[in-house]
Amino acid sequence: MSNLLTSDKIFFGANTGWDLDQVSRQLQTGLAGCDDGELFLEYCLSESLAWDDGKLKASSYDIHQGYGLRAVAGEAVGYAHATDMSLASLARSAQAVAVVRKNYQGRLAAPPVGTNRHLYADINPLAGIGFAEKIKVLEQIDHFTRQLDARVKQVMTSLYAEWQVVQIIRPDGQRTADVRPLVRLGITVMVEQNGRMESGSYGAGGREAYDTYLDPKYWQDAARDALRQGILKLDARPAPAGEMTVVLGPGWPGVLLHEAIGHGFEGDFNRKGTSVFAGMMGQVIAHPDVTVVDDGTLPNRRGSITVDDEGTPSQRNVIVEGGKLVNFLQDRQNARLMGVPPTGNGRRQSYAHLPMPRMTNTYMLNGKMAPGEIIASVKNGVYASNFGGGQVDITSGQFVFSASEAYLIEDGKITAPIKGATLIGKGADALQKIKMVGNDMELDKGVGTCGKEGQSVPVGVGQPTLRLDNLTVGGTQA
């Protein structure tokens with residue numbers, strides 16, 4: 001109830017001049033005869049600070065507010081959005097989206113079930129710590145990191161926070177609200193040795209206040225880890241190339257699972273037949289130790305949402321169970337058209353965007369193998385524990401990922417660090433190449449952002465240690 005009260009103070013009364021009864025009448029008029037639809041209201045505060053080369057390089061503080069009105073009739077969608085929070089603007093939007101129901105008469109779908117769950121604290125992370133104090137912490141991180149090693153040449157740090165308030169109103173009168181905090185800390189360290197420059201980075205965040213990340217013990221450990229990565233690369237060998245055994249470490253390497261495989265589990269791609277997994281429900285698509293879930297209910301995680309952007313409560317959805325495909329991720333429209341329940345995965349970047357099926361926190365569950373046993377089973381291969389950039393075709397799953405931290409595996413042991421390793425393949429094929437699943441599942445530290453059709457949303461990833469056989473590695477070794 002507190003979320004609804006908070007959002008009412010922002011969206012109704014003196015702030016906008018909106019009256020709930022008048023808004024409801026406009027909704028009922030615009031969406032009459034439609035299968036589904038809603039009014040999505042959003043108010044978002046955000047800030048970012050970037051420190052580089054010993055000084056504050058950039059800072060911003062933004063406010064955006066607006067609404068999106070959607071009418072759904074069969075497969076057709078009418079959508080209008082505006083920043084003008086007036087009844088006249090809403091009336092024009094209702095008239096515009098009503099065009100979608102021309103010569104169509106549907107029946108309004110049942111509303112989402114309600115929830116009293118709260119996955120994150122009722123806080124505004126922008127309101128707790130002052131601007132000067134945040135700058136001071138960035139300066140301290142810079143000074144501390146430079147004192148750690150004479151090879152440090154540049155330190156770049158950043159803070160980001162947002163406070164997003166949303167309310168979803170349906171033509172049947174149901175109202176749902178969510179108040180979503182989000183913070184992130186980033187540290188990048190450049191080091192130089194004998195004219196060779198390398199970098200390491202660390203990022204973390206979640207749906208909480210800054211307090212955890214601005215604690216000196218936390219950011220000092222983060223700075224040390226970023227420095228460790230940079231120094232490691234100074235003596236890294238060129239990566240080998242060819243088909244070989246690859247072991248992926250726990251945690252952030254799950255981004256490969258998310259990008260190369262996860263999008264193929266989204267309902268819209270499967271309904272349209274463009275996913276490589278279309279028509280494969282119930283079939284075995286991976287090793288029997290592979291179980292993949294998408295869980296938007298994890299407290300304080302970056303990808304978590306109390307309700308999705310259509311008002312459906314988030315869920316823990318098992319997608320692959322024991323190697324078998326058992327579920328897809330659904331928003332309301334695709335779920336209705338496919339004859340299945342929505343899964344709480346209807347997400348949108350902002351009021352100016354349509355909702356679509358999107359992942360939340362996607363990860364692989366633990367298997368049976370100890371990580372040491374997996375490494376020991378590899379005669380020659382590559383161990384990748386961290387990833388940087390990559391490119392993915394999200395429908396086919398074709399991917400190229402760069403390993404930002406990787407090592408050789410020789411005679412069952414992790415040995416020399418390597419540089420320039422890229423993993424190349426296709427998501428569905430890579431899933432088949434998994435031969436061992438570790439028992440050390442970790443979630444990432446809270447840095448993931450997922451892009452789809454021009455929209456970006458925060459997500460989480462994770463996995464245990466994995467062994468993949470015959471994966472193509474692109475290297476730089478002559």
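All values below come from the heavy atoms of this structure, side chains included, with hydrogens, waters and symmetry mates left out. Numbering of residues begins at 1 and proceeds along the displayed sequence.
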Verify side-chain contact (heavy atoms from CB on, under 4.5 Å) between Asp221 and Arg224, making sure each step is shown before the conclusion.
-> CA-CA 5 Å; Asp221 287 344; Arg224 289 189 186 98; 3.0 Å; yes
Assess, by modelled atom type and distance only, whether the side chains of [X] and [Y] contain a donor and an acceptor separated by less than 3.5 Å.
X      : Y      : result
Thr343 : Gln315 : no
Tyr213 : Glu208 : yes
Gln229 : Asp225 : yes
Asp308 : Asn345 : no
Arg175 : Gln167 : yes
Thr449 : Arg302 : yes
Ser93  : Tyr79  : no
Gln432 : His287 : no

Any donor-acceptor N/O pair, [X] side chain to [Y] backbone, under 3.5 Å:
X      : Y      : value
Ser377 : Ile374 : yes
Arg117 : Thr306 : yes
Asp440 : Thr465 : yes
Asp429 : Gly425 : no
Ser201 : Thr188 : no
Asn361 : Gly303 : yes
Arg316 : Gly296 : no
Tyr210 : Val183 : no
Ser385 : Gly249 : no
Arg358 : Cys450 : yes

How long is the span from the [atom1] atom in [X] to the [atom2] atom in [Y], to the nearest 0.5 Å?
X      : Y      : atom1 : atom2 : value
His263 : Thr274 : NE2   : OG1   : 12.5 Å
Asn470 : Lys433 : CG    : NZ    : 5.5 Å
Asp294 : Phe265 : CG    : CZ    : 10.5 Å
Ile305 : Gln164 : CD1   : CD    : 10.0 Å
Asp172 : Arg170 : CG    : CZ    : 4.5 Å
Ser350 : Phe40  : OG    : CZ    : 7.5 Å

List in chain and number order the residues that pass side-chain hydrogen bond (donor to acceptor under 3.5 Å, both in side chains) with Thr212, two or more places apart in sequence or in another chain; answer none if no residue qualifies.
->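 Expected list: none.
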What is the minimum heavy-atom distance between [X] and [Y], and which atoms define it?
X      : Y      : answer
Phe328 : Gly264 : CE2-O, 4.5 Å
Ala384 : Ala403 : CB-CB, 4.3 Å
Leu119 : Ser304 : CD1-CB, 4.4 Å
Glu259 : Phe401 : CB-CZ, 3.6 Å
Pro112 : Gln174 : O-NE2, 2.6 Å
Ser7   : Ala177 : OG-CB, 3.5 Å

For the aromatic rings, using the six-membered ring if either is Trp, is the centroid distance between [X] and [Y] under 6.0 Å?
X     : Y      : result
Tyr67 : Tyr351 : no
Tyr43 : Phe11  : no
His81 : His353 : no

Is the shortest distance from a Lys or Arg side-chain nitrogen in [X] or [Y] to a carboxylate oxygen in the other one below 4.0 Å?
X      : Y      : result
Arg228 : Glu405 : yes
Arg180 : Asp309 : yes
Arg70  : Glu38  : yes
Lys419 : Glu198 : yes
Arg107 : Asp35  : no

Do Thr360 and Arg347 pass the side-chain contact (heavy atoms from CB on, under 4.5 Å) test, and can you show the C-alpha distance, the side-chain angles, and the key distance before you say yes or no?
-> CA-CA 9 Å; Thr360 57; Arg347 305 187 66 188; 4.2 Å; yes
Can you tell if the side chain of [X] reaches within under 4.5 Å of the side chain of [Y], non-hydrogen atoms only?
X      : Y      : value
Thr245 : Asn380 : no
Val437 : Val290 : yes
Thr291 : Met364 : no
Val320 : Ile285 : yes
Trp163 : Val179 : yes
Ile319 : Val293 : no

Can you name the one residue among Cys44, Ser48, Ser46 that meets side chain to side chain contact (heavy atoms under 4.5 Å, CB included) with Asp62?
-> Ser46
Is Lys452 close enough and on-axis enough to Phe269, meaning under 6.0 Å and within 45°, for cation-pi?
-> yes
Mind running side-chain contact (heavy atoms from CB on, under 4.5 Å) on Leu471 and Met244 for me, showing each step along the way?
-> CA-CA 6 Å; Leu471 192 64; Met244 62 190 72; over 6 Å; no
Where do Asp178 and Tyr120 land on the side-chain hydrogen bond (donor to acceptor under 3.5 Å, both in side chains) test, with the steps shown first?
-> CA-CA 10 Å; Asp178 201 12; Tyr120 19 85; 2.6 Å; yes
Please collect all side chain to side chain donor-acceptor pair (under 3.5 Å) contacts where either partner lies in residues 323-334, sequence neighbours excluded, each pair once.
->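 Applying side chain to side chain donor-acceptor pair (under 3.5 Å) to every pair that reaches into residues 323-334, excluding sequence neighbours, yields Asp36-Arg332, Arg271-Asn334, Asp331-Asn334.
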Would one find more than 12 heavy atoms of other residues, nucleotides or ligands at under 6.0 Å from atom CD of Gln95?
->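 Counting neighbours around CD of Gln95, 12 or fewer heavy atoms of other residues, nucleotides or ligands fall under 6.0 Å, so no.
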For Lys445, look at atom NZ and say whether over 12 heavy atoms of other residues, nucleotides or ligands are found less than 6.0 Å away.
->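 Count not over threshold, so no.
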Run the numbers on Ile434 and Arg467 for side-chain contact (heavy atoms from CB on, under 4.5 Å), then give the verdict.
-> CA-CA 6 Å; Ile434 296 173; Arg467 171 176 164 165; over 6 Å; no
Which pairs, with at least one residue in residues 378-392 and sequence neighbours excluded, count as a salt bridge (charged side-chain N to carboxylate O under 4.0 Å, His left out)?
->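 Output for this query lists Lys379-Asp411.
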